[in-house]
**Q** 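Questions regarding the structure given below will be posed in turn.
Protein chains get the first letters and strands the later ones, always in sequence-line order, with residue 1 at the start of each.
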Protein chains: 2
Amino acid sequence: MTIKEVSEKYGVEASTLRYYEKEGILSLVPKVNGVRNYTEANLQNIEFVLCMRKAGMNIERLKRYMSMIQDDSKTLERKKILEEQRDDVVRELEVLNACLEKLNYKIEHYQKILDAEKKL
Amino acid sequence: MTIKEVSEKYGVEASTLRYYEKEGILSLVPKVNGVRNYTEANLQNIEFVLCMRKAGMNIERLKRYMSMIQDDSKTLERKKILEEQRDDVVRELEVLNACLEKLNYKIEHYQKILDAEKKL
DNA sequence: ATACAACTTAAAGTATACTTTAAGTCAAGC
DNA sequence: GCTTGACTTAAAGTATACTTTAAGTTGTAT
């Protein structure tokens, strides 16, 4: 699969895919005449990386994690990184839920004001 | 209340409070001899602003919203901004929950590998 | 054989949201 | 009256994560 196809499939810029590769977040992609040709395994890595980025994992942590995915002796370390990330996500979910409550409260409040104005 | 006290109360840098004020996100704070002296109303605005920042509201939207909080004729517009933000938060919650599931799945998977290694 | 579109690289540039710096003011303690 | 510490400003600097640019290569259609 070409970089353009991957870009369109996942809604990610080609330049971002190259950037991740340069940073060592995505392993070297096989090339035909100097042109990237993504394998099924590459695509699975990309899916995971994009998911973790959405989860708020920063580039450094992602780099640390992805540098170990081939190494069976690092299972415990990899698990620890994902647990760190899970804890971060859980905390973020709590924060967002609290914000959502506040937003809903304020929106309702404004609705009441608008309803009262209508009655006049 | 001095800027230092506010900074400590909310865990936000004094420079950030000055920055928000300069951007028009926080209204001009009354000054005594050129030194900021935060009122109770100022503090309530700060609490709200910090909550919205945590909710992922960007500076531009926050500026747009905060510029209208004194204007009764803008209730509908203010409500619309908060509804936009609520929709964003709900979407983000969905994304984060999906990521959390993936993380939990992977963590469990690693745990199984570690358990199997132990048995040998 | 030549033009074109899509790829390549390295390096510089950008967006967002602060944060730091430099230079100055002011009230309080010695 | 002078030092000290906390404040002030405007402007420059920083962190993170890309994104754009410039210059060059390659396969394909004319």
Side-chain angles (χ1 to χ4, degrees), chain A residues 1-39 42-43 45-46 48-67 81 84-85 88 92 95 99, chain B residues 1-39 42-43 45-46 48-67 81 84-85 88 92 95 99:
Chain A
M1 216 181 224
T2 68
I3 199 167
K4 193 178 193 182
E5 287 164 344
V6 175
S7 165
E8 282 164 2
K9 182 173 166 73
Y10 296 110
V12 58
E13 292 271 348
S15 61
T16 305
L17 292 168
R18 293 196 195 97
Y19 164 69
Y20 286 165
E21 197 178 329
K22 199 182 67 179
E23 289 297 308
I25 285 169
L26 296 176
S27 56
L28 290 179
V29 175
K31 290 182 185 174
V32 178
N33 290 314
V35 176
R36 286 178 182 77
N37 186 7
Y38 289 82
T39 67
N42 291 146
L43 298 192
N45 283 342
I46 289 168
F48 178 75
V49 165
L50 295 178
C51 179
M52 288 304 105
R53 286 294 300 126
K54 281 192 215 158
M57 189 184 282
N58 67 27
I59 297 295
E60 272 316 306
R61 189 179 284 176
L62 202 41
K63 197 185 299 191
R64 205 149 53 80
Y65 180 82
M66 293 303 287
S67 71
I81 293 176
E84 277 181 65
Q85 190 58 41
D88 287 356
E92 182 63 12
V95 167
C99 293
Chain B
M1 215 181 225
T2 68
I3 199 167
K4 193 177 192 181
E5 287 164 344
V6 175
S7 164
E8 282 164 3
K9 182 173 166 72
Y10 295 110
V12 58
E13 293 271 349
S15 62
T16 305
L17 292 168
R18 293 196 195 97
Y19 164 68
Y20 287 166
E21 198 177 330
K22 197 180 68 178
E23 289 297 307
I25 284 168
L26 296 176
S27 56
L28 290 178
V29 175
K31 291 182 185 175
V32 177
N33 290 315
V35 175
R36 286 178 182 77
N37 185 8
Y38 289 81
T39 66
N42 292 146
L43 298 191
N45 283 341
I46 289 169
F48 178 75
V49 164
L50 295 177
C51 179
M52 288 304 106
R53 286 293 300 127
K54 281 191 216 160
M57 190 184 282
N58 67 27
I59 297 296
E60 272 315 307
R61 187 178 283 176
L62 202 41
K63 198 187 297 195
R64 207 150 52 80
Y65 179 82
M66 294 303 287
S67 70
I81 293 176
E84 278 181 65
Q85 190 59 40
D88 287 356
E92 181 64 11
V95 168
C99 294

**Q** Quick one: what's the B/S/- string for nucleotides 9-23 of chain C, heavy-atom cutoff under 4.0 Å, read 5' to 3'?
**A** B-------BBBB---
**Q** Would you call B/Arg18-B/Glu21 a salt bridge at under 4.0 Å N-O?
**A**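 Looking at B/Glu21 together with B/Arg18, the answer is no, because their closest N to O distance does not fall below 4.0 Å.
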**Q** Rounding to an integer number of Å, can you tell me how far A/Asn33 CG sits from D/dG27 C1'?
**A**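 Atom CG in A/Asn33 sits about 8 Å away from atom C1' in D/dG27.
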**Q** Quickly work out the B/Asn37 CG to D/dA6 P distance and round it to whole Å.
**A**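 Result: 18 Å.
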**Q** Distance check, rounded to the nearest 0.5 Å: A/Ile25 atom CD1 versus A/Ile46 atom CD1?
**A**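 Result: 12.0 Å between the selected atoms.
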**Q** If you define the side chain from C-beta out and look only at heavy atoms, does anything of B/Glu8 sit under 4.5 Å from B/Lys4?
**A**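 A side-chain contact under 4.5 Å exists here.
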**Q** How many Å lie between NZ on A/Lys4 and P on D/dT26, as a whole number?
**A**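 About 21 Å, once rounded to whole Å.
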**Q** Counting C-beta onward and ignoring hydrogens, is there a side-chain heavy-atom pair between B/Met52 and B/Arg61 closer than 4.5 Å?
**A**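 No - every pair of side-chain heavy atoms lies 4.5 Å or more apart.
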**Q** Would you say the side chain of A/Arg53 lies within less than 4.5 Å of the side chain of A/Tyr20, judging by non-hydrogen atoms?
**A**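 Yes - at least one pair of side-chain heavy atoms lies under 4.5 Å apart.
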**Q** Is any side-chain heavy atom of A/Met66 less than 4.5 Å from a side-chain heavy atom of A/Phe48?
**A**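 Yes, their side chains come closer than 4.5 Å.
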**Q** In whole angstroms, how far is the P atom of C/dA6 from the CE atom of A/Met1?
**A**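 Taking atom P of C/dA6 as the reference, CE of A/Met1 is at 17 Å.
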